[in-house]
Protein chains: 2
Amino acid sequence: MSSSDSPLPKFRRRAEARPDEVLDAALSLFMEQGFARTSVEQVARRAGISKGAVYLYFESKEAILVGLVNRAIAPLSEVLFENITSFEGDPRPALAQILRLMGQVMGQQRNRAVPLIVLHEAPAAPNIAALFREAVLDRSIPAISALLAQGVAGGYIRSVDPEMTARTVIGPILAHIILFEIFGIAKDDGLQMDRLIENHITILMAGLEPQKEH
Amino acid sequence: MSSSDSPLPKFRRRAEARPDEVLDAALSLFMEQGFARTSVEQVARRAGISKGAVYLYFESKEAILVGLVNRAIAPLSEVLFENITSFEGDPRPALAQILRLMGQVMGQQRNRAVPLIVLHEAPAAPNIAALFREAVLDRSIPAISALLAQGVAGGYIRSVDPEMTARTVIGPILAHIILFEIFGIAKDDGLQMDRLIENHITILMAGLEPQKEH
DNA sequence: TGCTAATAACTGACTGGTCAGTTATTTATT
DNA sequence: AATAAATAACTGACCAGTCAGTTATTAGCA
């Protein structure tokens with residue numbers, strides 16, 4: 001370890017990349033150990049700075065988590081939800097498309113990480129839970145409910161309860177991820193998200209088939 | 001506050017009910033604040049004893065949680081699972097029955113409490129997660145899969161993937177509870193477990209209908 | 001081009017508080 | 001008196017957040 005010829009600058013002035021570097025370090029540590037068991041000191045070390053510097057960019061430890069949630073939510077543009085709510089016609093192809101998209105997105109571990117951390121931290125940090133709920137759940141679930149309600153009204157699908165059916169649509173994905181990530185079920189076989197999605201779509205399409213007139 | 005004439009004995013010797021009293025106190029506190037945010041001192045106070053006394057009955061704080069899980073699991077006798085795996089015929093009525101039973105059980109807040117605490121504590125305490133997985137998940141989910149596989153083999157239901165379909169069967173219940181308990185969705189309307197279960201059964205029964213020969 | 005403020009980036013020791021688990025002591029029971 | 005049960009004070013470790021001081025970088029000036 002020669003210390004004399006270190007070519008790396010000790011500081012990097014105008015470090016606008018720092019907050020993102022802190023978030024990267026925090027995400028990897030939170031994924032490994034969870035939020036509560038990770039200290040700010042650890043985050044700082046992994047980001048290559050001191051603990052004090054973290055507090056130059058984030059007000060508190062919780063603010064780091066808020067930053068992570070916001071960064072993860074950003075790409076989920078309004079476009080997706082807006083398009084769904086204005087949909088007309090048989091909702092089943094749209095549902096299948098949404099499910100395949102969800103499968104693709106949640107098939108990536110990095111996309112599962114933040115929701116899982118939020119899930120764990122929600123009871124201890126209600127404002128984090130509220131943030132996630134308002135930004136993700138309160139937009140996506142009503143959109144699916146509306147899509148289903150429109151399908152029922154138009155007679156395209158069986159006369160189901162739209163709100164509860166939204167749970168039947170998304171529930172299996174949530175369950176699959178939790179069983180895999182939290183309880184380690186089928187860890188050897190991998191997540192097999194595609195296998196789940198296609199099977200689920202098969203059952204759902206048939207289950208929503210409009211009833212014969214009796 | 002006269003302290004001289006207290007007729008209550010300060011100690012209650014030979015308290016064989018103590019472990020259960022500690023578990024009761026711990027459960028109510030864990031439900032209110034979560035495991036991590038509850039101190040052993042608080043558990044002791046609510047149980048009406050001192051902190052030191054808790055350690056006469058439980059080796060560690062985690063041992064209290066293990067005790068809670070075991071106490072919650074005990075009533076889930078083998079009978080349920082054994083009966084399912086040996087079932088022959090159309091699995092759909094059996095599935096509906098299982099779902100209605102799950103709905104009844106998980107409709108009670110006290111039955112949701114321990115699983116939710118485990119869900120929250122699983123990442124920090126892998127042995128708790130493993131205990132719950134082995135005692136509950138590894139017995140119930142394969143039982144449902146076997147029931148479905150038997151139904152497929154006998155031509156009673158559509159030719160689905162039994163393991164993945166098990167997620168479609170139980171996923172919505174899990175999702176509903178999590179959305180309600182952790183993210184507080186539909187808190188005003190109550191849990192409405194029956195409404196979910198009946199709607200889910202409708203879709204599931206139709207979705208598993210055997211395909212027409214083509 | 002050098003030299004000298006000025007300032008932005010950063011450090012690490014420190015504080016105050018919490019809490020799991022231990023132990024010396026006290027109290028009740030037989 | 002002997003013993004079991006329970007207490008309360010204590011220990012050691014951890015950690016979020018603070019702050020006085022240090023170092024790198026830039027700007028102004030000669």
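Below, chain A is the first sequence line, B the second, and so on; all start at residue 1.
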Worksheet item: Are E62(B) and N127(B) close enough, and set up right, to give a side-chain hydrogen bond (donor to acceptor under 3.5 Å, both in side chains), and what steps lead you there?
Response: CA-CA 10 Å; E62(B) 198 180 287; N127(B) 47 330; 2.4 Å; yes

Practice prompt. Would you sort out whether L99(B) and L204(B) count as a side chain to side chain contact (heavy atoms under 4.5 Å, CB included), showing the intermediate values?
Written response: CA-CA 11 Å; L99(B) 283 169; L204(B) 203 58; 3.7 Å; yes

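Within a 6.0 Å sphere centred on CD of Q97(B), other residues, nucleotides and ligands contribute 12 heavy atoms or fewer.
Counting only N and O atoms by type, the side chains of E163(B) and S145(B) include no donor and acceptor under 3.5 Å apart. Checked by atom type, the side-chain pair N199(B)/T165(A) shows a donor-acceptor distance below 3.5 Å.
Contact of the I141(A) side chain with the R167(A) side chain is registered, since non-hydrogen atoms from C-beta on lie closer than 4.5 Å. Put simply, the side chain of I117(B) does not reach to within 4.5 Å of the side chain of V69(B), judged on heavy atoms.
For DNA chain D, the neighbouring residues in residues 59-67 of chain A, judged by any heavy atom under 4.0 Å, are S60(A), K61(A). Less than 4.0 Å separates DNA chain C from at least one heavy atom of each of the following residues of residues 30-49 of chain A: R45(A), I49(A).
In the set dG21(C), dT18(D), dT11(C), dT18(D) carries the atom at the smallest distance from any side-chain atom of Y55(A).
Remark: the K51(B) side chain and the dA8(D) base include no donor-acceptor N/O pair separated by less than 3.5 Å.
Between the side chain of H200(B) and the backbone N or O of V169(B), at least one donor-acceptor pair lies under 3.5 Å.
Per the geometry, OH belonging to Y57(A) stands 20 Å off P belonging to dA16(D), to the nearest Å.
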